[in-house]
Amino acid sequence: MSKTITFNELRRLKDSLPDGSMHKIADKLNVTVQTVRNYFGGSNYEYGKNMGLHIEPGPDGGIVVLDDPTIYDMAVSILKENEAE
């Protein structure tokens, strides 16, 4: 099931994550850290893969369609855990 958000929302989520979150997500999914960074808008495909991120021009940085929201959901979960502490 895909998820649609704005690019700026995706970047705010990434910027809100505590240190080490990218590594934590990458380890849990058995992917490279660069692959997780690419999911949040990075573009280094030499060391990471595309994780189904599609960006279209539009308001608030553009519209982003995430083919698989797993990384997004994990990031939201990490933020909730961090707020609860």
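Worth knowing before you read on, the calculation uses all heavy atoms, side chains too, and leaves out hydrogens, waters and symmetry mates. Residues take their numbers from the sequence shown, with the count starting at 1.
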S.K.: Assess the residue pair T6 and N8 against the criterion (side-chain hydrogen bond (donor to acceptor under 3.5 Å, both in side chains)); give the C-alpha distance rounded to whole Å, side-chain angles, the decisive distance to 0.1 Å, and a yes or no.
M.R.: CA-CA 5 Å; T6 68; N8 288 343; 5.7 Å; no
S.K.: Can you tell me how far apart NZ (K28) and CD1 (I71) are? Round to the nearest 0.5 Å.
M.R.: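 Rounded to the nearest 0.5 Å, the NZ-CD1 separation comes to 12.5 Å.
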S.K.: To the nearest 0.5 Å, what is the distance between NZ (K3) and CG (L10)?
M.R.: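 Going from NZ on K3 over to CG on L10, the span is 10.5 Å.
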S.K.: Quick one, R11 with L13, criterion side-chain contact (heavy atoms from CB on, under 4.5 Å). Give me CA distance, side-chain angles, the key distance, then yes/no.
M.R.: CA-CA 5 Å; R11 295 300 287 184; L13 174 62; over 6 Å; no
S.K.: Would you give the length of the straight line joining atom CG of N82 to atom OG of S77, rounded to the nearest 0.5 angstrom?
M.R.: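 One gets 11.0 Å once the value is rounded to the nearest 0.5 Å.
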S.K.: Say whether I5 and I63 are linked into one hydrophobic cluster, either directly or through other cluster members, by side-chain heavy-atom distances under 4.5 angstrom.
M.R.: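 As far as the 4.5 Å side-chain criterion goes, I63 and I5 are not connected within one cluster.
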S.K.: A side-chain contact here means heavy atoms from C-beta on lying under 4.5 Å apart; do M74 and V76 qualify?
M.R.: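 M74 vs V76: side chains apart.
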S.K.: Hey, what do you get for CG (D19) to NZ (K24), rounding to the nearest 0.5 Å?
M.R.: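 Spacing of CG (D19) from NZ (K24) equals 12.5 Å.
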S.K.: Do you know which of L17, D15, V64 makes side chain to side chain contact (heavy atoms under 4.5 Å, CB included) with F40?
M.R.: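 Single pass found, and it is L17.
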S.K.: Salt-bridge test for R12 and D60: reply yes if a basic N is under 4.0 Å from a carboxylate O, no otherwise.
M.R.: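 Counted as a salt bridge, because a side-chain N and a carboxylate O are separated by less than 4.0 Å.
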S.K.: Starting at OH of Y39, measure out to CG of D68 and round the result to the nearest 0.5 Å.
M.R.: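 Answer for the OH-CG pair, Y39 versus D68, is 6.5 Å.
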S.K.: Side-chain contact, heavy-atom cut-off 4.5 Å: P18 with I78?
M.R.: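 P18 vs I78: side chains touch.
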S.K.: Are the charged groups of E9 and K14 less than 4.0 angstrom apart, N to O?
M.R.: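 No, this pair does not count.
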S.K.: Looking at every heavy atom in both S2 and V65, which two are closest together, and how far apart are they?
M.R.: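 For S2 and V65, the tightest heavy-atom pair comes out as CB-CG1, 4.1 Å.
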